[in-house]
Each structure stands twice: as C-alpha cells, then as structure tokens.
Amino acid sequence: MIFIKFIVLGSTGMLGQELKRYLSNQGNDVVGVARKNADYNFDVTDDEKLLNCFEVEKPDVIINTIAIVNLKECETDKGKAYMVNSRPAGIISDYCLENDIYFIQISTDHYYYGDSDKKHLETDEIYLLNEYARTKYLAEPLTLNNPNSLVIRTNIVGFRCGENDTFVEWALNSLMSQEEINVFEDYYTSSIDVHSFSRILYDLIEDKPSGIYNIASSDVSSKKDFIFSLAESFNLSHSNCNPSNINNDGLIRATSLGLNTDKVENAVGYKLPNLKEVTDSLKKSYEFLNE
Ligand SMILES: NC(=O)c1ccc[n+]([C@@H]2O[C@H](COP(=O)([O-])OP(=O)(O)OC[C@H]3O[C@@H](n4cnc5c(N)ncnc54)[C@H](OP(=O)(O)O)[C@@H]3O)[C@@H](O)[C@H]2O)c1
C-alpha cells in the first residue's frame, strides 16, 4: 500500500473508530475528526476549520464517514441534514481535486424498497423515500465531480461503545438479558461488520478505483435472521425474539436494502463475508473490545 496519511472524518463513530484502528494497525498515519474526543474537534459545517485541518495535515486520503444517521433528526431539521450529510462532500471533493488527494465518501444503502431480499446493483434504480436518503444521495454526485474519488454504498453493523446503543449493541443486550423484543421479518439488509468493511475497503483502494462500489455481506437477510445468526455466534438463546413486521412509526423507511457485491468481489479477488461470517466477526470484535 502506497498510502501514508489518512484523515478519517467521523473517527469517533461506529465505523470511524474501527477504520482508524484498522488503518493504524496497517502502519498508516491516521488523523481523526469529530466534534469531540478526536484529534481535531470541530463541526464539519465549519468550512474554514475543515480546510485548515487538511492544509495542516496534508493527507494522501480523506475518508468521510460523518452523517446524521437518525432518520427522525433528518426530517426535523432538513437544513442541518443537508449541511452535514451533503454539502461537505462537495467542499472536500473540490479540495481533493485541487490538491491531488484521494477522496472516499461513505454513502448508504437506504435507496430501495418493495423487492424484499433482492441484491441491488450499483446501477439499479434508487428511490429517495426520506430526507436521510435525499441528503446522502446528493453527496454522491458532489463527490464524483472529482474523478479521483470513490463512493461506497453499504450497511454497517458494529459497536460504538458510546451514549446510544448501535443496532448490534441493542440486539446483544436483549439476547443476553432475554428481554422480549420484536424482530422484523420484512426488513432486509446485507449488513457487514465494520471490521470486515475496513479490511475490504483497504484492499479495494490499493488501486485507487473511482465511481460507486457496494461493500456489504454477500448474503441478504431479514433483521430476524440477522439476530438469530448473532445469537448463534454468541451461543445465546433467541427465544426472547418475537418475529414481527416493521412498524414504520410515522417514518417512511426503505426496507429492501440488499446490495449486490459482484463488482467489489471482482476488484478485490475474493468473496465477501456471508451472514454467519459477519456475526462471527462481530463476536471476535466483541471479545477484542472487552479484553
Ligand atoms: N449505521 C448504519 O446503519 C449505516 C448504514 C449505512 C450507511 N451508513 C453510513 O456510514 C457512515 C458512518 O455511520 P456510523 O453509524 O458510523 O455513524 P455514527 O456512529 O453516528 O458516527 C458519526 C461520526 O460523525 C461525527 N459527527 C456527526 N456529526 C458531526 C458534525 N456535524 N461535525 C463533525 N463530526 C460529526 C460523530 O462524532 P460527534 O457526534 O462527536 O461529532 C461520529 O464520529 C455514515 O455516513 C452513514 O450514513 C451507516
């Protein structure tokens, strides 16, 4: 790998923490940015601080993981959702173009509904059902305006060890306490753990590809099947789980989020992890984080 210095924007988040750890373990110099507890602490909407950070650090690669991921928050403050989820991609992309820096924008899979467990290609038609999807989608052309840039569509799972539980932290706590939970049979994703994601992204960018790539599990599973597989990997009972249908609680949610992984598999030369491999990898990460 020829890269030396990375900036990870959103380095204290679920994905950012693992990306920073993984890239550092590969011998790279990695600088993190967030609003607190990072190497640089500022709001990504502050252009001056953002560009100053780039000027000082002179990175070879910038990875932007920052987003407001809470659907309700995006609906409530659409302006803020644009300022955080969309606009920075354009600012960063332009800076990277002028300064010969490779730019990676982490996008989403929140673009598909109504076709259950279909594996969606990078070229498939997308649907923008809510403000989160609209603002994340807008960041894609803003990024790709720079030909030396990459957009990754994904569905990530992992541990944040912070104030709010991630989906996996919530599911594991419920399995461990055996508190009854509803698990959705009609909500499909190809979720990949952030450790596997980081390894695959690192392999993918060896040749600095551009355009849009999906990085995901090679399996599409319902949330119910994902939690059942998690229970198996952690040797826990899932008898507390009630199979049910998704309750959209007033929010319009995309629910057929499967991603096709052929393109990335051709690029890296290996198969992406299946559901069991993803939940086994989550078990290893859990043990590592609780050592
Ligand atoms: N989680 C999922 O299920 C999922 C699925 C598909 C795609 N994605 C995408 O993957 C990426 C990473 O998601 P994640 O789950 O790791 O997110 P996350 O855990 O919420 O982390 C977000 C990171 O961004 C920082 N941040 C948020 N707002 C900021 C702001 N205004 N200025 C500066 N930093 C800010 C946060 O730290 P502070 O709050 O301390 O600033 C944190 O470091 C996102 O782009 C998301 O759209 C996520």
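First listed ligand is number 1; within each ligand, the first listed atom is number 1. Just so it is clear, the values below take in all heavy atoms, side chains as well, and ignore hydrogens, waters and symmetry mates.
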Engineer: What atoms in ligand 1 come closer than 4.0 Å to a heavy atom of Lys136?
Structural biologist: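 Checking each atom against Lys136, I get 44 (C), 45 (O), 46 (C), 47 (O).
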
Engineer: Tyr132: heavy atom below 4.0 Å from ligand 1, yes or no?
Structural biologist: yes

Engineer: Have a look at Ile156, Asp46, Leu9, Thr108 and point out the one with the heavy atom closest to atom 48 (C) of ligand 1.
Structural biologist: Ile156

Engineer: Is the centre of the Tyr111 ring less than 6.0 Å from the centre of the Tyr137 ring?
Structural biologist: yes

Engineer: Which of the numbered atoms in ligand 1 are under 4.0 angstrom from any heavy atom belonging to Phe42?
Structural biologist: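 Heavy-atom distances to Phe42 below 4.0 Å select 32 (N), 33 (C).
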
Engineer: Under a 4.0 Å heavy-atom limit, does Ser107 contact ligand 1 with its side chain, its backbone, both, or neither?
Structural biologist: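 Backbone only.
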
Engineer: When you check the gap from the basic side-chain N to the acidic O, do Asp124 and Lys118 get nearer than 4.0 Å?
Structural biologist: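 Counted as a salt bridge, because a side-chain N and a carboxylate O are separated by less than 4.0 Å.
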
Engineer: Does Gly10, backbone or side chain, put an N or O under 3.5 Å from an N or O of ligand 1?
Structural biologist: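 N/O-N/O distance below 3.5 Å exists for this pair.
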
Engineer: Please state whether the rings of Phe54 and Tyr95 are parallel, tilted or perpendicular, taking 30° and 60° as the class boundaries.
Structural biologist: tilted

Engineer: Would you say Val69 has any N or O atom under 3.5 Å from an N or O of ligand 1, going by distance alone?
Structural biologist: no

Engineer: NZ of Lys78: more than 12 outside heavy atoms within 6.0 angstrom?
Structural biologist: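 Counting other residues, nucleotides and ligands, NZ of Lys78 exceeds 12 neighbours.
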
Engineer: Of the protein's non-hydrogen atoms, which lies at the shortest distance from atom 32 (N) of ligand 1, and what is that distance?
Structural biologist: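 Nearest protein contact, heavy atoms only, for atom 32 (N) of ligand 1 is Val44 N, 2.9 Å.
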
Engineer: Report the distance from atom CG of Leu272 to atom OG of Ser190, rounding to the nearest 0.5 Å.
Structural biologist: 9.5 Å

Engineer: Looking at Glu131 and Arg134, does any basic side-chain N land under 4.0 Å from a carboxylate oxygen?
Structural biologist: yes

Engineer: Should the pair Phe167 and Phe226 be assigned to parallel (<30°), tilted (30 to 60°) or perpendicular (>60°) ring geometry?
Structural biologist: tilted

Engineer: If you draw a 6.0 Å radius around CG in Asn242, do more than 12 non-hydrogen atoms from other residues or ligands fall strictly inside?
Structural biologist: yes

Engineer: Considering only non-hydrogen protein atoms, determine which one is nearest to atom 29 (C) of ligand 1 and report residue, atom name and distance to 0.1 Å.
Structural biologist: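 Answer, as residue, atom name and distance: Arg35 NE, 3.5 Å.
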
Engineer: Mark up the atoms of ligand 1 that fall under 4.0 Å of a heavy atom belonging to Asp43, in ascending order.
Structural biologist: 30 (C), 31 (N), 32 (N)

Engineer: What is the closest protein heavy atom to atom 43 (O) of ligand 1, and at what distance does it sit?
Structural biologist: Thr12 OG1, 2.7 Å

Engineer: Do Glu18 and Arg21 meet the salt-bridge criterion of a basic N to acidic O distance under 4.0 Å?
Structural biologist: yes

Engineer: Within ligand 1, which atoms have a heavy atom of Leu15 less than 4.0 Å away?
Structural biologist: 16 (O)

Engineer: Any idea which atoms of ligand 1 are less than 4.0 Å away from a heavy-atom of Thr154?
Structural biologist: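 Taking each heavy atom of Thr154 in turn, ligand 1 has 6 (C), 7 (C) under 4.0 Å.
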
Engineer: Before signing off on this row, confirm whether Gly16 and ligand 1 have an N or O atom pair separated by under 3.5 Å.
Structural biologist: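 No; the residue has no nitrogen or oxygen that sits under 3.5 Å from a nitrogen or oxygen of the ligand.
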
Engineer: Does ligand 1 have an atom that lies less than 4.0 angstrom from a heavy atom of Thr45?
Structural biologist: no

Engineer: Please list, in number order, the atoms of ligand 1 under 4.0 Å from a heavy atom of Lys36.
Structural biologist: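 In order of number, 40 (O).
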
Engineer: For the residue pair Ile7 and Val61, establish whether any side-chain heavy-atom pair is separated by less than 4.5 Å.
Structural biologist: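 Ile7 does not reach Val61 side chain to side chain.
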
Engineer: Tell me which one of Arg153, Arg160, Met14 gets a heavy atom nearest to atom 20 (O) of ligand 1.
Structural biologist: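 It is Arg160 that holds the nearest heavy atom.
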
Engineer: Can you tell me the protein heavy atom closest to atom 12 (C) of ligand 1 and the distance?
Structural biologist: Thr65 O, 3.3 Å

Engineer: Should Lys276 and Asp280 count as an ion pair when the cut-off is N to O under 4.0 Å?
Structural biologist: yes

Engineer: Can you tell me the protein heavy atom closest to atom 21 (O) of ligand 1 and the distance?
Structural biologist: Gly13 CA, 3.2 Å

Engineer: Just going by heavy-atom distances, which of Ile66, Ile68, Leu19 is nearest to atom 34 (N) of ligand 1?
Structural biologist: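 Considering heavy atoms of Ile66, Ile68, Leu19, the nearest to atom 34 (N) of ligand 1 sits in Ile66.
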
Engineer: Is the Phe6 ring parallel, tilted or perpendicular to the Tyr202 ring (thresholds 30°, 60°)?
Structural biologist: tilted

